[in-house]
Amino acid sequence: MSTNLQTNLPRLNSLSAAEVQTELLKCCGSQEWARLMIAALPFSNFDELSEKADQIWWSLDPNDWLEAFHSHPKIGEKKAAASTSEQSRRWSEAEQAGVSDGAAETLQSLAGLNNEYEQKFGYIFIVCATGKSSEEMLQILRARFQNSSADELRTAAAEQAKITQLRLKKLIDS
C-alpha cells in the first residue's frame with residue numbers, strides 16, 4: 001500500500017461533513033451512500049474505508065444505485081446525466097481511455113447499443129472500463145443484453161462498486 005494511502009486518510013477524516021460529501025461523491029454519485037459513509041467516519045486505514053464502502057453500497061436501495069449510475073457518462077461520451085465534479089469527469093475520461101483508440105465501426109456499435117441498452121433497462125450501461133479496449137466493452141455490452149432486468153441491475157451495481165473502489169484509492173492516494 002502506498003504511503004499516501006496512509007497519510008491522506010487522516011486528511012479525509014478531518015474534513016467537515018460537507019467537504020467529505022463533496023469528496024465521496026467524486027467516487028460514487030449516490031447521496032445516500034455518501035451520507036452513510038460520513039456517518040461511519042473516521043476510518044483507521046484504507047482497508048476499513050474500502051470494506052465499509054462496499055458494505056454500505058450493497059445495503060442500499062436500487063434507487064440509490066440508479067442515482068449513482070446517473071453520475072457516469074455513457075461509454076464513449078464525456079458528459080454524465082447528473083452534474084458531476086471536474087475530478088469525476090477527468091476520472092471517467094481516463095477510465096474510458098480504451099474507447100478513444102477504437103475503430104469507427106466499433107464506436108458506432110457502442111453508441112447504438114448504449115442507446116438500446118438504456119431503452120431496455122432504463123439506465124445507462126455501467127462497466128468498470130479501466131484497462132478495457134473499446135472492443136472488450138462492446139463484447140461485454142452485447143453479452144449483458146441477455147440478462148434479465150433484475151440480474152442486470154445487480155451486475156451494473158457490481159461494476160459501480162468496482163469503479164467506486166478504484167476512485168476511493170485515487171481520492172486517498174492523491
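Below, all heavy atoms of this structure are taken into account, side chains as well, without hydrogens, waters or symmetry copies. Small disclaimer: the values here were computed from a predicted structure and weren't measured.
- Nearest heavy-atom pair across Ser30 and Trp57 is CB-CZ3, 4.3 Å.
- Smallest separation of non-hydrogen atoms from Pro42 and Glu48: O-OE2, 4.0 Å.
- Side-chain atoms of Cys27 and Lys170, non-hydrogen and from C-beta on, never get closer than 4.5 Å to each other.
- Distance CE/Met137 to OG/Ser109: 13.5 Å, rounded to 0.5 Å.
- Here the two rings, on Trp65 and Trp33, have centers that are 6.0 Å apart or farther.
- A salt bridge between Lys120 and Glu152 is absent, with no side-chain N of the basic residue lying under 4.0 Å from a carboxylate O of the acidic one.
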### Message
Set out, in order, the CA-CA distance, both residues' side-chain angles and the distance that settles side-chain contact (heavy atoms from CB on, under 4.5 Å) for Leu12 and Glu19, then state yes or no.
### Response
CA-CA 9 Å; Leu12 182 70; Glu19 291 169 323; over 6 Å; no
### Message
Would Gln160 and Thr164 count as a side-chain hydrogen bond (donor to acceptor under 3.5 Å, both in side chains) here? Give the steps.
### Response
CA-CA 6 Å; Gln160 173 65 54; Thr164 300; 3.0 Å; yes
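- Residues Phe46 and Asp173 fail the side-chain proximity criterion, which asks for heavy atoms closer than 4.5 Å.
- Heavy-atom neighbours of Glu136 CD from other residues, nucleotides or ligands within 6.0 Å: above the threshold of 12.
- Side-chain contact check for Arg154 versus Asn147: every heavy-atom pair is 4.5 Å or farther apart.
- Counting only distance, with no hydrogens or angles, the side chain of Lys132 and the backbone of Cys128 share a donor-acceptor pair below 3.5 Å.
- Rounding to the nearest 0.5 Å places CD of Gln119 at 11.0 Å from CG of Leu113.
- Interatomic distance, Arg11 CZ to Leu15 CG, rounded to the nearest 0.5 Å: 5.5 Å.
- Below 30°, between 30° and 60°, or above 60°: for Tyr117 and Phe145 the angle between ring planes is above 60°, a perpendicular geometry.
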### Task
Under the side-chain hydrogen bond (donor to acceptor under 3.5 Å, both in side chains) rule, what do Lys52 and Gln55 come out as? Steps first, then yes or no, please.
CA-CA 5 Å; Lys52 187 53 110 174; Gln55 178 187 35; 2.9 Å; yes
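- To the nearest 0.5 Å, atoms CG (Leu171) and NZ (Lys169) are separated by 13.0 Å.
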### Query
Going through the checks in order, is the side-chain contact (heavy atoms from CB on, under 4.5 Å) test met by Ile126 and Thr155?
CA-CA 9 Å; Ile126 300 291; Thr155 299; over 6 Å; no
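- Within the 4.5 Å cutoff, side-chain heavy atoms of Glu159 are placed close to those of Arg144.
- Here the side chain of Asp64 pairs no donor or acceptor atom with the backbone of Glu32 at under 3.5 angstrom.
- For the atom pair CZ (Arg142) and CG (Leu138), the distance works out to 4.0 Å, reported to the nearest 0.5 Å.
- Residues Ala34 and Leu24 approach most closely at O-CD1, 4.0 Å, considering heavy atoms.
- Closest heavy-atom contact between Asn13 and Leu41: OD1-CD2, 3.2 Å.
- A donor-acceptor pair under 3.5 Å is absent between the side-chain atoms of Ser50 and the main chain of Asp47, judged by distance alone.
- With hydrogens and angles ignored, the 3.5 Å screen pairs a side-chain donor or acceptor of Thr22 with a backbone N or O of Ala18.
- Put simply, the side chain of Leu110 reaches to within 4.5 Å of the side chain of Ser134, judged on heavy atoms.
- To the nearest 0.5 angstrom, Gln31 atom CD is 5.0 Å from Gln21 atom CD.
- In this structure, Leu153 and Phe69 have side chains that are in contact, with non-hydrogen atoms separated by less than 4.5 Å.
- With contacts defined as side-chain heavy-atom distances shorter than 4.5 Å, the pair His70/Ile124 does not qualify.
- Looking only at side-chain heavy atoms (C-beta outward), Arg167 and Cys28 stay at 4.5 Å or farther from each other.
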